[in-house]
Amino acid sequence: MSLVVVKAIGLVTVQDLGRRGSMHFAVPPGGALVPELLVAANRAVRNPDDAAGLEVQGQLVVRAEADIDVATDRGEMRELVAGDELTIESGLRRCAYLAIGGGIDAPVILGGRGTLLCAELGGPLRAGDIVRSGEASGGDPRPASFNESSTVTLVAGPDLDAFASDALARLVSAPYRVLPSSDRVGTRLAGAALSRAAGYRERSRPMVIGALEVPGDGQPIVLGPEHPTTGGYPIIAVIATAELGRFFAIRLGGSVQFALRD
């Protein structure tokens with residue numbers, strides 16, 4: 001069973017829950033920007049949570065080549081019959097997800113099926129591409145939930161000595177805007193500039209998803225699932241793991257208010 005891509009506007013990729021344990025090969029974890037939404041789509045169509053689906057940042061139109069079960073991150077399953085077309089849009093969120101019964105038949109590379117653009121593992125979908133269903137089974141029958149919020153909790157980072165004494169307070173004092181130039185590597189923010197301490201010297205170290213690195217202009221960048229495996233900009237804070245999906249669901253052009261964990 002398969003779907004044909006009729007139209008793909010923006011970035012449309014195959015994603016699962018990511019690769020683990022390959023950063024020593026300079027391969028970041030990748031995976032869905034908002035794992036909770038991929039899980040919701042997979043459960044609706046009775047797939048395992050980690051089955052590969054489509055992540056849509058923009059708009060996707062697909063056509064069924066044969067009868068096939070599909071579901072979106074809204075948790076609604078439907079059967080498409082041959083010739084049916086379906087449109088998925090990210091809308092008020094940064095991304096949307098489409099799951100098909102059995103998951104997407106994509107090769108397993110370094111433990112994952114997802115597209116990883118910076119490592120050239122796969123590529124974005126284009127009109128005419130064919131998406132074939134796999135044989136994944138044994139999904140969790142419980143519906144998945146996702147609580148959206150524009151307030152996101154931070155844990156103070158390892159490089160506070162790199163910043164002026166009031167930088168952390170400035171970071172949580174007012175919202176930041178999510179810039180349209182953001183991508184799966186990093187989300188660029190615009191807001192209160194975070195000043196450096198005099199004499200701080202940058203040094204290279206491993207990076208993690210959700211880290212807020214701060215370049216010389218003082219505007220934070222939140223590292224995404226395709227982040228560089230090493231970097232040198234100082235890290236002022238890191239998004240709490242449980243709230244990463246909440247942050248990455250915020251649409252481009254939207255705003256986020258950070259709060260420090262007590």
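Position 1 is the first residue of the sequence; numbering continues from there.
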Checklist line | Same apolar cluster: L17 and I239, side chain cutoff 4.5 Å | finding: yes
Margin query: Is there a path of hydrophobic side-chain contacts, each under 4.5 Å between heavy atoms, that joins Y233 and L212?
Written below: no
Checklist line | Side-chain ion pair, R63 and E65, N-O less than 4.0 Å | finding: yes
Check: Which distance, rounded to the nearest 0.5 Å, do you find between the CG of D16 and the CG of D49?
Finding: 12.0 Å
Check: Do any N or O atoms from the side chain of R205 and from the backbone of R203 form a donor-acceptor pair under 3.5 angstrom?
Finding: yes
Checklist line | side-chain contact (heavy atoms from CB on, under 4.5 Å) involving S90 - partner list, sequence neighbours excluded | finding: none
Margin query: Looking at R19 and I109, would you say the former's side chain and the latter's main chain have a donor-acceptor pair under 3.5 Å?
Written below: yes
Item checked: Euclidean distance, E36 CD relative to Y97 OH, rounded to 0.5 Å -> 9.0 Å
Check: Which residue pairs pass the side-chain hydrogen bond (donor to acceptor under 3.5 Å, both in side chains) test when at least one of the two sits in residues 246-255, sequence neighbours left out?
Finding: none
Checklist line | Distance-only donor-acceptor check, side chains E243 and T153, under 3.5 Å | finding: yes
Check: Do the side chain of R46 and the main chain of G102 share a donor and acceptor less than 3.5 angstrom apart?
Finding: no
Notebook entry, point to check: With hydrophobic residues grouped by side-chain heavy-atom distances under 4.5 Å, do V34 and V12 end up in a single group?
Noted result: no
Next item on the list: Please examine the side chains of D67 and E79, heavy atoms only from C-beta on, and report whether any two atoms are closer than 4.5 Å.
Entry: yes
Margin query: I want to check something: taking the side chain as every heavy atom from C-beta on, are E202 and R196 in contact at a cut-off of under 4.5 Å?
Written below: yes
Margin query: Quick check on the hydrophobic clustering: are F258 and I236 connected, directly or via other members, by side-chain heavy-atom contacts under 4.5 Å?
Written below: yes
Note to self: Using only atom types and a distance under 3.5 Å, with no angle test, would you say the side chain of E213 pairs donor to acceptor with the backbone of V222?
What the structure shows: no
Next item on the list: Could you check if a side-chain atom of V27 sits within less than 4.5 angstrom of a side-chain atom of T229, using non-hydrogen atoms only?
Entry: no
Note to self: Checking S195 against R170: is there a side-chain donor and acceptor pair closer than 3.5 Å?
What the structure shows: no
Check: Hey, quick one: are V14 and L38 part of the same hydrophobic cluster, counting side-chain heavy atoms closer than 4.5 Å, chains of contacts allowed?
Finding: no
Notebook entry, point to check: Is D50 salt-bridged to R113, going by a charged N under 4.0 Å from an acidic O?
Noted result: no
